[in-house]
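Structure first, commentary second.
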Number of protein chains: 2
Amino acid sequence: MSQPDTKVKILDVAEKLFAADGFHATSLRAITSNAGVNLVAVNYHFGSKEELLEAVIERRLTPLNRRRAEMLDAELAAAEAEGRRPDPRQVLRALVEPTIELREQGEGPEHFITLVGRILADPRGVGRDIFLRRMEPFILRLFETMHQALPHLSFSTLSWRMHFAVGSLSHVMRCHDRCQDLPPGILPGMKMVRLADLLLDYTLAGMEAPE
Amino acid sequence: MSQPDTKVKILDVAEKLFAADGFHATSLRAITSNAGVNLVAVNYHFGSKEELLEAVIERRLTPLNRRRAEMLDAELAAAEAEGRRPDPRQVLRALVEPTIELREQGEGPEHFITLVGRILADPRGVGRDIFLRRMEPFILRLFETMHQALPHLSFSTLSWRMHFAVGSLSHVMRCHDRCQDLPPGILPGMKMVRLADLLLDYTLAGMEAPE
DNA sequence: GTATAATTCAAACGAACGTTTGAGTCAACA
DNA sequence: TGTTGACTCAAACGTTCGTTTGAATTATAC
């Protein structure tokens, strides 16, 4: 290839702009000019604007879910080897920690997380099917495993609480260093490695609350 | 007025379409044709598309925050009269319950809640400033009161946990009867009046978890 | 009943959009 | 060296966008 990174440059800029402004508010002209490539490179390399979005999601989400599945497998194997139930904290960690780790890997992943938050808030947007299709296998396994870990909870209560937990995670993930939902200065800076523990403490307490 | 409800019809349809498709993906032509009014009625009555969004938010958010403030006032007054700290559950209820009540009032409010979820996910969208400007006074009072209710928590921990709580609330509020984030059938139907209690149980347990 | 203001309407504006086209450029290989 | 295939590029396509304009219509007040 003469300019081997044209696709990568497009993906990087598209990820950033889709996250910042949304799919419809981001034009291909804005993407290609910021990436320093020709306008039609998107249609040439990806086919259409929508397929570009799919490629943006695909690039980060596939490795992320692979990492999550590995952590879930590890906890399930450990639990079986030791003849105990899965530890709910470890199960939740398989969802939370790879997400936070990804977010720490640089600007690109950070924009991707913001983009996911936007997709979750879009009840019938173009990215929703693309995203959920790739999430469904892990989500189903996560539910089964949490049900094993907290068998005293009714399935209804567990479902709602998982729902609340996903809300907390996606909300905190899409906020930046200083969360923009809150008046300035109200969220002091905090190392992300501690944020995972903070979120797990909070979520686990809610999960295990009396029914 | 010859057709006194032109503004209301526009507000209703705009609320619905902004929530369903987003601000940029919704055209004035779609709004006005669905409302059965002329295209230029938006510019005549509201000035611009952005000012229409502001009117949509204004209509629901102002009474909602008035109701929240009343509940907060009531709990603060009761606590002072009884010489005790504010009850954290009652403080959280001032945030949660008016929201869920609003959502139960019909289709329009339901769309509005979805729209708010979308605004919260949009880090620099047009609706963000409009929304946060009207939320800031209540949010500040909510933080102060929760700090009085849970004085043993460090301000940092309290801030993050409030952040998690807002995430849960906004996430569950923007989902419909069957939450679309999850594989079908995983969230059984549930009365909304019980949902408020479920969410409060969960959130309060997380708030009061050991630090 | 007539003047005045408020509202509706059809038509058109310029701008921006995603996409298509066809020629041009360059590297690799026979 | 000539040819093939991958890639880039400028120009233009048809469509849709938010907004403006100015005339027609309707309600209100004198």
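Naming: A, B, ... by sequence-line order, numbering from 1 per chain. Because only heavy atoms are used, hydrogens play no part in the values below, and waters and symmetry mates are left out as well, while side chains stay in. This one's a predicted model, so the numbers in the text were calculated from it and none came from an experiment.
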field: Residues which pass side chain to side chain donor-acceptor pair (under 3.5 Å) with B/Thr99, listed by chain and number, not counting sequence neighbours
entry: B/Arg68
- request: Determine yes or no for a side-chain-to-main-chain donor-acceptor pair under 3.5 angstrom, with B/Arg67 supplying the side chain and B/Pro98 the backbone.
  value: no
- prompt: Counting only N and O atoms by type, is there a donor-acceptor contact under 3.5 Å from the side chain of A/Glu54 to the main-chain atoms of A/Ile130?
  reply: no
- request: Take atom OH of A/Tyr44 and atom P of C/dT21, then tell me their distance rounded to the nearest Å.
  value: 15 Å
Report each atom pair, protein N/O against N/O of nucleotides 21-23 of chain D, whose distance is under 3.5 angstrom.
none

- request: Please report, rounded to the nearest Å, how far the P atom of C/dT8 is from the NZ atom of B/Lys7.
  value: 11 Å
message: Check this one for me: any side-chain N or O of B/Asn38 less than 4.0 Å away from OP1 or OP2 of C/dT7?
response: no
field: NZ (B/Lys49) with more than 12 external heavy atoms under 6.0 Å
entry: yes
- request: May I ask you to verify if any side-chain N or O of B/Thr6 is less than 4.0 angstrom from the OP1 or OP2 atom of C/dT7?
  value: no
Euclidean distance, atom CG of residue A/Asn43 to atom C1' of C/dG22 [Å, nearest integer]: 15 Å
message: Using modelled atom types and a 3.5 Å cut-off, is there a donor and acceptor pairing between side-chain atoms of A/Asn65 and backbone atoms of A/Arg134?
response: yes
message: Would you say the ring centers of A/Phe155 and A/His147 fall short of 6.0 Å from each other?
response: yes
message: With a 3.5 Å distance limit and no angle check, can you tell me whether B/Arg60 reaches the backbone of B/Phe112 through a side-chain donor-acceptor pair?
response: no
task: Tell me which residues in residues 13-30 of chain B put a heavy atom below 4.0 Å from DNA chain D, sorted by number, or none.
output: B/Thr26, B/Ser27, B/Leu28, B/Arg29
Integer-rounded Å distance: C/dA16 C1' and B/Lys49 NZ: 13 Å
statement: When rounded to whole Å, the CD1 to P distance for the pair B/Ile10 and C/dT7 reads 12 Å
- request: Give a yes/no on whether any side-chain N or O of B/Ser48 is located under 4.0 angstrom from OP1 or OP2 of D/dG18.
  value: no
- line: Exactly one candidate in A/Val116, A/Leu102, A/Ile100 meets side chain to side chain contact (heavy atoms under 4.5 Å, CB included) with A/Met173; the answer is A/Ile100
- prompt: Okay, side chain of B/Thr26, backbone of B/Leu17: is any donor-acceptor separation there less than 3.5 Å?
  reply: yes
Rounded distance (Å) that lies between atom C1' of D/dG18 and atom CG of B/Leu39: 8 Å
